[in-house]
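Just so it is clear, the structure is predicted and the values come from calculations on it, not from any experiment.
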Amino acid sequence: MALKQISSNKCFEGFQKVFEHDSAELKCKMKFGIYLPPKAETGKCPVLYWLSGLTCTEQNFITKAGFQQAAAEHGLIVVAPDTSPRGCNIEGEDESWDFGTGAGFYVDATEDPWKTNYRMYSYVKDELPKLINANFPTDPERMSIFGHSMGGHGALILALKNPGKYKSVSAFAPICNPIQCQWGKKALGGYLGPDASKWEAYDATQLVKSYSGSRLDILIDQGKDDQFLSAGQLLPDNFIAACTERKVPVVFRLQQGYDHSYFFIASFINDHIKHHAKYLNA
């Protein structure tokens, strides 16, 4: 699958690049950011996948999070895909910020007119890693995932639905229980149809209740002054309760005074890189 390089910038002795490719899964052109640490010039490196939130592209994380220095130090390749298909000419795809373009929710849609293109779950799980492993000096056996908000939801469900695939998982302000919040009901209803029982397959709180895979250490940071926390969109308490019941290890940190923005993410990103490096470099 041909990759077209869009940009390349030297950064902490490695390179922050952006590529474009034709996605077979999403049936459109897709971009992703990839940070190649200095170590990638001489050997294979583990890969950490970042999933961004609503309205974001591949650019938000690579320009605002400030993760590159820690990734360089720990020798991690970091991949940040876009958040949805783009320019598919689907009626209604650009009507709202929390559904359609920029809001793929990391599910495989089953409803018309979304099911042909909106397959972000399979794209992140299968197509993107195959592409990365075929074109960059990766160690395919060492892979982890993290994300923010909608992307935190994506990271949690991918780790919980695929035991053993990811060495570790973490999230910033994830949408923990989408079947119970307005964002989730809108997106899951639109992509998966009105039968709410089908939504549970993409809900971290529901998935952890039946998780029986290999040990998964979860790290979650949540800003205490996050407007979406107080609006009931994130519902971390439901997820923590389910993890506690199932004895799934989770470290949940409520960070005083922080909001939902990339200022919050940049403040704690080094902790998350370190969390993943512990497992990826073990």
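- Here the side chains of Val79 and Phe136 are not in contact, with every heavy-atom distance at 4.5 Å or above.
- The ring pair (Phe, Tyr, Trp, His ring centres under 6.0 Å) test applied to Tyr106 returns no partner, not counting sequence neighbours.
- Remark: Leu160 CG to Leu216 CG distance equals 6.0 Å, nearest 0.5 Å.
- Within the structure, ring-ring contact (aromatic ring centres under 6.0 Å, His included) pairs that include any residue of residues 230-255 do not occur (at least two apart or interchain).
- When the side-chain contact (heavy atoms from CB on, under 4.5 Å) test is applied to Thr55, the partners found at least two apart in sequence or on another chain are Trp97.
- Residues meeting the side-chain contact (heavy atoms from CB on, under 4.5 Å) test with Lys185, sequence neighbours left out: Gln182, Trp199.
- For Cys11 against Gln68, the heavy-atom pair with the smallest separation is SG-CB, 3.6 Å.
- We find the NE2-CD distance between His21 and Glu127 to be 5.5 Å, quoted to the nearest 0.5 Å.
- His148 NE2 to Ser261 OG: the interatomic distance, rounded to the nearest 0.5 Å, is 7.5 Å.
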- [ ] Verify side-chain contact (heavy atoms from CB on, under 4.5 Å) between Arg86 and Cys88, making sure each step is shown before the conclusion.
- [x] CA-CA 6 Å; Arg86 301 267 166 185; Cys88 297; over 6 Å; no
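- Counting only residues at least two apart or in different chains, salt bridge (charged side-chain N to carboxylate O under 4.0 Å, His left out) contacts with residues 26-49 comprise Asp22-Lys29.
- In this structure, the side-chain contact (heavy atoms from CB on, under 4.5 Å) partners of Gln5, at least two apart in sequence or on a different chain, are Ser8, Lys17, Phe19.
- Side-chain atoms of Tyr118 do not come within 3.5 Å of backbone N or O of Pro113 as any donor-acceptor pair.
- A 4.5 Å side-chain heavy-atom check between His74 and Lys274 finds at least one atom pair inside the cut-off.
- Qualifying ring pair (Phe, Tyr, Trp, His ring centres under 6.0 Å) partners for Tyr166, counting only residues two or more places apart in sequence or in other chains: none.
- No side-chain heavy atom of Cys45 sits under 4.5 Å from any side-chain heavy atom of Leu36.
- Within the structure, ring-ring contact (aromatic ring centres under 6.0 Å, His included) contacts touching residues 201-234 (residues at least two apart or in different chains) are Tyr121-Tyr202, Trp183-Phe228, Phe228-His260.
- Considering all non-hydrogen atoms of both residues, Leu229 and Gly223 come closest at CD2-O, 3.7 Å.
- Between Tyr279 and His275, the ring planes are perpendicular. Angles over 60° get that label, and only those under 30° would be called parallel.
- Screening residues 227-251 for side chain to side chain donor-acceptor pair (under 3.5 Å), with sequence neighbours left out, gives Asn177-Asn238.
- Summarising the geometry of Cys176 relative to Asp203, their closest heavy-atom pair is O-OD1, 3.7 Å, with the distance given to 0.1 Å.
- Contact annotation: the side chain of Phe32 approaches that of Leu131 to within less than 4.5 Å [non-hydrogen atoms, C-beta and beyond].
- In terms of heavy-atom proximity, Ser170 sits nearest to Ala155 at O-CB, 4.1 Å.
- Note that the NZ atom of Lys161 and the CG atom of Leu156 stand 13.0 Å from one another [nearest 0.5 Å].
- In this structure, the side-chain contact (heavy atoms from CB on, under 4.5 Å) partners of Ala242, at least two apart in sequence or on a different chain, are Thr205, Val208, Lys209.
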Open item on the list: Before you tell me yes or no, could you show the steps for Asp108 and Tyr123 under side-chain contact (heavy atoms from CB on, under 4.5 Å), namely the whole-Å CA-CA distance, both residues' side-chain angles and the distance that decides it to 0.1 Å?
Closed with: CA-CA 9 Å; Asp108 284 348; Tyr123 176 73; over 6 Å; no
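- With rounding to the nearest 0.5 Å, the separation of NZ in Lys4 from CD in Glu20 is 5.5 Å.
- Under a 4.5 Å side-chain heavy-atom criterion applied to ILVMFWY residues, the cluster that includes Ile6 comprises Phe12, Val18, Tyr35, Leu48, Trp50, Phe61, Ile62, Phe67, Leu76, Val78, Phe146, Phe172, Tyr258, Tyr262, Phe264, Ile265, Phe268, Ile269, Ile273, Leu280 as well.
- Here Asp271 pairs with Arg253 in a salt bridge; the nearest charged N to carboxylate O distance falls below 4.0 Å.
- If you chain together ILVMFWY residues whose side-chain heavy atoms come under 4.5 Å of each other, Leu219 ends up grouped with Val251.
- Residues Ile34 and Ile77 form a side-chain contact, since some pair of their non-hydrogen atoms from C-beta on lies under 4.5 Å apart.
- Between Pro236 and Ile220, the closest side-chain pair of non-hydrogen atoms is not below 4.5 Å.
- Counting heavy-atom neighbours within 6.0 Å of Lys198 NZ, excluding the residue itself, gives a total of 12 or less.
- Taking OG of Ser168 as the start and CE of Met143 as the end, the distance is 11.0 Å to the nearest 0.5 Å.
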